[in-house]
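Working notes for the structure below.
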Amino acid sequence: MFQRKIQLRGNLRCLQLLLFVVTVSGAHVETPDSRIVAGSETTIEEYPYQLSMQLQPKDKLIHNCGASIISEKWALSAAHCVEGLPLDWMSLRAGSTYASKGGSLHKVKKIYMNNYDPENYENDICLLEVEPPFEYSKSVQAIPMESSSVAGGTVGVATGWGRVEGDSGGPFVVNGKLLGVVSWGLGCARKGIPGVLSNVSYFRGWVKDVTDI
């Protein structure tokens, strides 16, 4: 698991990040060089809200995307990570530094989207209801969500397992609150070309309506 400090630019439905990675879903193979570009190694105890979304189309679980714990029964991720996929393929791994082992697995019971448009990634956010509920510990904790605007230039932290295509659905955290969900970008850490996040504060009312959180 890796983390990286990055800086915000913009504050609409989507937040833009300078020098981040392209974020598309897909299988992940852990290697010594697999990490967020310019990131550093960390542990789940440092970021206990981090989840690995696992797919099981056949007989093996595969890391697909990141997600964040927002309560004992709810997680937040990117809509494009789950769009068009069978519900019974999906699990979330909590409480592990590794995407491929450890921690606890939680089936995705139901998915909620908010008018997601796959053609342009608009409203690229989803809520995942899980079972069994997450059991809180040093390595499993919910993160509060930001409900107000944050100024451009603010520095926050993105975490994940780092493919060169990125960690879609994963968290971007500022001052201990979940501000962004990794959505998409152009290229891989290309200078001057931002990556894009779904702005959690923009969708905060929708989250409350669905989850009562």
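Values below: all heavy atoms of this structure, side chains included; hydrogens, waters and symmetry mates excluded.
Taking CD of Glu129 as the start and OG1 of Thr211 as the end, the distance is 10.0 Å to the nearest 0.5 Å. Tyr98 contributes atom OH, which lies 14.0 Å from atom OG of Ser52 (distance to the nearest 0.5 angstrom). Between the CZ atom of Arg93 and the NE2 atom of His106 there is a distance of 10.0 Å, given to the nearest 0.5 Å.
Under the 4.5 Å side-chain heavy-atom criterion for ILVMFWY residues, no single connected hydrophobic cluster contains both Leu61 and Val130. Taken together through direct or relayed side-chain contacts under 4.5 Å among Ile, Leu, Val, Met, Phe, Trp and Tyr, Leu92 and Leu105 form parts of separate hydrophobic clusters.
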Problem set entry | Stepwise disulfide bond (SG atoms under 2.5 Å apart) check, Cys81 with Cys65 | CA-CA 6 Å; Cys81 289; Cys65 278; 2.1 Å; yes
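Of all heavy-atom pairs spanning Cys126 and Ile111, the tightest one is CB-CG2, 4.4 Å. Minimum heavy-atom separation, Ala99 to Gln54: O-NE2, 2.8 Å. Taking every heavy atom of both residues into account, Val182 and Leu197 meet most closely at CA-CD2, 3.4 Å. When all heavy atoms of His80 and Ser183 are compared, the pair lying nearest together is CE1-O, 3.1 Å. What you find for Ile69 and Gln141 is that their closest heavy atoms are CB-O, 3.6 Å. Heavy atoms only, all atoms of each residue included: Asn123 and Asn114 are closest at CB-O, 3.1 Å.
Tested against Ile44, the residues Thr97, Leu51, Thr159 include a single side-chain contact (heavy atoms from CB on, under 4.5 Å) partner, Thr97.
No donor-acceptor distance shorter than 3.5 angstrom exists from the side chain of Ser139 to the backbone of Ser96, with no hydrogens or angles considered.
Between Trp184 and Tyr121, the angle of the ring planes lies from 30° to 60°, which puts this pair in the tilted group.
Between Val200 and Glu146, every side-chain heavy-atom pair lies at or beyond the 4.5 Å cut-off.
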